[in-house]
Number of protein chains: 2
Amino acid sequence: MSDRASVRDVAAAAGVSVGSVSRVLNASGYASPALRQRVLQAVEQLGYEPDFTARHLRTGRSRTIGYLLPNIANPALAAHLSEVERLTQAAGYSLLVGSSERPARDRELVAFFENRRLEGLIASPSFEYPDPAESPFSKTALPVVVVERDLGDAFDSVLMDHAGGLRQAMHYLLTLGHRRIALFVSGANLAPGREKLRGYREALAAAGLPFDPGLVFMPESWLESSRDCMARLLERPAPPTALIALGTQMLSGALHVVRGKGLEVPRDFSIVGIGTTETLELMYPPATALRYDYHRSAQVAVQLIMDRIARAAGPPRRVILDWDLVIGGSCGPAPGR
Amino acid sequence: MSDRASVRDVAAAAGVSVGSVSRVLNASGYASPALRQRVLQAVEQLGYEPDFTARHLRTGRSRTIGYLLPNIANPALAAHLSEVERLTQAAGYSLLVGSSERPARDRELVAFFENRRLEGLIASPSFEYPDPAESPFSKTALPVVVVERDLGDAFDSVLMDHAGGLRQAMHYLLTLGHRRIALFVSGANLAPGREKLRGYREALAAAGLPFDPGLVFMPESWLESSRDCMARLLERPAPPTALIALGTQMLSGALHVVRGKGLEVPRDFSIVGIGTTETLELMYPPATALRYDYHRSAQVAVQLIMDRIARAAGPPRRVILDWDLVIGGSCGPAPGR
DNA sequence: TTGTATGCGTTATCAG
DNA sequence: CTGATAACGCATACAA
């Protein structure tokens with residue numbers, strides 16, 4: 001009773017041929033009710049289940065997709081990954097995860113996924129290849145869906161409208177009378193960061209305000225603390241009265257400094273967070289924030305990859321999702337107004 | 001140039017047999033330098049790479065392990081998963097993730113992993129089977145390493161010493177003069193929660209203090225907010241002066257209420273957090289906390305599963321890791337002392 | 001030292 | 001409608 005039963009065992013037990021077993025189980029071709037009955041019974045009795053690997057080898061379908069991302073520990077990515085996993089499982093697929101923070105590793109992983117004959121790949125690499133043709137993703141036959149990266153329009157992609165989100169947040173703060181608004185976001189080298197900066201600048205321009213690079217803190221890593229930068233900003237003769245910040249290290253670090261200075265939120269200083277509900281809940285008071293709908297993004301990503309797997313043809317699709325500005329208690333009128 | 005090359009193509013190109021190609025590539029058996037040379041050249045030229053699936057089918061080694069966990073979005077689990085992924089990749093293995101929050105799904109996933117012939121399984125199920133023999137993990141031939149769960153001593157396991165950690169935290173607060181200390185942790189039904197409660201009670205007993213169940217809030221989910229409970233506690237004639245709380249929703253919710261009451265941390269109220277450094281960084285002031293060393297836990301888990309894969313024999317090993325109590329700025333002497 | 005042949009567990013294509 | 005049998009791509013025991 002140690003080894004698993006194979007088709008042959010089932011065939012023997014049912015007194016039929018292996019072909020018939022396969023036909024019954026896959027509902028391919030016809031089988032008489034009597035034969036069908038005997039096969040099913042033998043299957044039941046032996047607890048037979050077709051071996052996934054052998055089936056994969058034969059059919060060429062691995063029923064597995066890969067997810068390439070920089071770092072699973074990043075809360076926003078973990079949330080997204082979590083949803084993707086749920087949805088892929090629901091669709092009868094498995095999820096192989098691979099983390100990479102270097103182009104060389106990106107290449108390795110893609111080659112690896114390819115070698116394992118995955119059916120598709122969801123990718124959110126840590127490096128945004130300036131020349132799309134140079135990216136490992138354009139050299140593979142694997143269907144690829146790009147998440148939150150700009151790798152040209154040769155790929156299906158799902159992105160948040162970061163620029164639009166920032167315009168919303170800025171509009172809100174500007175309406176409250178703020179004129180010096182700091183921006184702390186990570187990823188100067190990636191689309192989410194770049195686009196946020198663009199939205200920020202556009203909102204300033206639309207309001208006829210100058211752009212002050214000194215108010216922007218944009219390190220590469222999401223783990224970076226913004227304490228020093230915030231401290232310097234508050235030393236200025238005309239310090240910012242509001243901040244828009246990514247809701248993990250960026251936001252908390254800044255918050256510590258603001259409060260350490262004796263400033264009270266939202267009376268003396270206003271804050272708009274950016275992130276998942278879960279992360280932002282940790283703030284006190286509950287932040288007014290651009291809420292990242294990772295649930296929706298994951299849903300679109302899985303939909304796109306499944307569509308692409310089902311029928312490879314068709315032009316690339318680019319889905320852009322809006323941000324929700326959720327009003328909390330961390331913003332007030334600009335001081336002295 | 002569409003399809004991939006197979007051993008046969010390589011053999012043909014090199015003018016040798018498929019057996020020789022395989023032998024050269026796997027360094028099994030001998031091959032003359034000349035033949036070796038020709039094979040390698042053909043491999044290079046065709047960009048040949050042995051198909052993983054076919055190799056798996058033939059050798060029986062899938063070089064893949066599974067990770068079963070309740071929810072990837074839980075920051076502590078995501079951090080652990082992230083480390084496990086890094087380490088398994090480094091060991092030449094892939095990681096298949098599956099999330100499950102119900103016993104039925106646990107069973108499905110185990111069956112699925114088994115069917116895919118994974119070589120091992122790291123499991124941290126959401127349900128702690130009271131009768132170990134009834135768990136899906138005891139019915140599988142797969143090597144299993146259990147993380148943060150008590151599923152009996154038939155499995156390799158890696159656990160944190162939750163009771164010991166809580167004794168440390170309690171000792172610290174008791175030394176500061178606190179006598180009414182609240183405890184907010186999740187998972188009454190799982191080892192981490194149960195053990196924390198045990199440590200809490202042991203510390204009380206050792207100090208000759210009575211156990212007040214009213215001071216303990218222990219919901220099942222880590223997402224639960226503790227606001228209402230905290231609010232009620234502060235209404236009591238003799239409210240708690242300190243709190244030990246899990247560093248996500250539990251902690252932040254309580255903190256909101258404490259501050260909403262006009263109490264200042266750590267002057268009027270002391271707090272010890274429990275969680276990862278990243279999560280606890282979000283607090284202000286930086287919390288004194290039991291820091292979860294997920295890096296170490298992941299390392300041990302991967303080590304155990306790899307050992308078990310290499311040689312299945314040997315008695316189960318149980319590794320228990322200590323907590324670090326990191327002193328921050330969220331604790332002070334008990335008020336009125 | 002190298003080539004040949006068999007089988008891993010399936011599915012699919014044939015005859016019958 | 002059903003039963004042999006080939007083939008997926010590889011590794012390996014055995015023969016040469």
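Within every chain, numbering begins at 1; the chains are lettered A, B, ... in the order of the sequence lines, protein sequences first and strands thereafter.
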Do we see a donor-acceptor contact under 3.5 Å between the side chains of A:H56 and B:T53?
yes
Non-neighbouring partners of A:F127 that pass ring pair (Phe, Tyr, Trp, His ring centres under 6.0 Å), sequence neighbours left out
A:Y129
Just jot down the ring pair (Phe, Tyr, Trp, His ring centres under 6.0 Å) partners of A:F155, sequence neighbours excluded, or say none.
none
Nucleotide-level pairing of DNA chain D, given in dot-bracket where Watson-Crick and G-U pairs need both distances under 3.5 Å and | marks other strands:
||||||||||||||||
When you measure from the side chain of [X] to the backbone of [Y], do you find a donor-acceptor pair of N or O atoms at a distance under 3.5 Å?
X	Y	answer
A:D156	A:V145	no
B:T88	B:E85	yes
A:S138	A:P132	yes

So which pairs with a foot in residues 8-25 of chain A pass salt bridge (Lys or Arg N to Asp or Glu O under 4.0 Å), sequence neighbours left out?
none
Mind jotting down which residue pairs meet the salt bridge (Lys or Arg N to Asp or Glu O under 4.0 Å) criterion with at least one end in residues 111-124 of chain B? Sequence neighbours excluded, please.
A:D51-B:R117, B:R61-B:E119
Atom-to-atom span, [atom1] of [X] to [atom2] of [N] - whole angstrom:
X	N	atom1	atom2	answer
B:L35	C:dT2	CG	P	4 Å
A:Q37	D:dC1	CD	P	17 Å
B:Y30	C:dG3	OH	P	18 Å

Spell out protein contact along nucleotides 5-13 of chain D as letters: B when the base is contacted, S when just the sugar-phosphate is, - when no protein heavy atom is under 4.0 Å; keep the 5' to 3' order.
BBBBBBBB-
